[in-house]
Amino acid sequence: MAQPPVLLKDTKLMDVKLGQLGSWLAMRDFTPSGILGGMRRGYDRYYNKYINVRKGGLGGISMLLAGYIVLSYMWSYSHVSK
């Protein structure tokens with residue numbers, strides 16, 4: 001027996017076809033609470049994948065450190081170029 005089709009609202013971005021992209025974007029929640037909820041889900045995914053693991057490694061911490069280094073370089077780049 002075939003599984004029922006997934007609603008366009010519930011599909012992930014990687015599973016959306018190019019012709020469906022406009023209607024998929026129209027179904028997204030672009031209110032401040034929706035954007036904050038998306039950011040929270042992204043942070044939770046990152047935390048559970050790289051930080052909160054049983055056999056922890058340096059992968060997640062090194063990614064955060066590299067992001068901080070790039071961000072601090074971007075902040076201070078205007079001082080270096082003068």
Side-chain angles (χ1 to χ4, degrees):
M1 184 173 216
Q3 294 182 353
V6 179
L7 297 174
L8 185 61
K9 179 181 174 186
D10 298 331
T11 57
K12 296 179 183 177
L13 177 60
M14 295 301 293
D15 297 332
V16 174
K17 293 183 173 56
L18 192 58
Q20 300 171 331
L21 188 60
S23 58
W24 183 83
L25 281 173
M27 293 182 191
R28 299 292 97 192
D29 186 14
F30 289 110
T31 61
S33 63
I35 292 172
L36 287 175
M39 291 174 67
R40 177 68 184 186
R41 283 190 304 275
Y43 172 77
D44 287 342
R45 276 191 208 134
Y46 172 82
Y47 184 82
N48 287 328
K49 186 174 182 179
Y50 293 108
I51 307 296
N52 191 20
V53 292
R54 288 183 188 230
K55 286 173 51 177
L58 294 176
I61 301 297
S62 63
M63 284 178 63
L64 282 176
L65 183 62
Y68 172 73
I69 290 170
V70 168
L71 189 62
S72 65
Y73 177 75
M74 288 174 23
W75 283 335
S76 65
Y77 184 75
S78 63
H79 302 295
V80 174
S81 65
K82 290 183 181 179

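- Of all non-hydrogen atoms in Thr11 and Trp24, the two that sit nearest each other are O-NE1, 3.1 Å.
- In this structure, the separation between CG on Leu25 and CZ on Phe30 is 5.5 Å, given to the nearest 0.5 Å.
- Atoms CG and CG, from Leu71 and Leu64 in turn, are 11.5 Å apart once rounded to the nearest 0.5 Å.
- Transitive grouping of hydrophobic side chains (ILVMFWY, heavy atoms separated by less than 4.5 Å) keeps Leu65 and Val70 in distinct clusters.
- Atom CZ in Arg41 sits 10.5 Å away from atom CG in Leu36 (nearest 0.5 Å).
- Side-chain heavy atoms closer than 4.5 Å link hydrophobic residues (I, L, V, M, F, W, Y) into clusters, and following such links, possibly through other members, connects Met63 to Tyr43.
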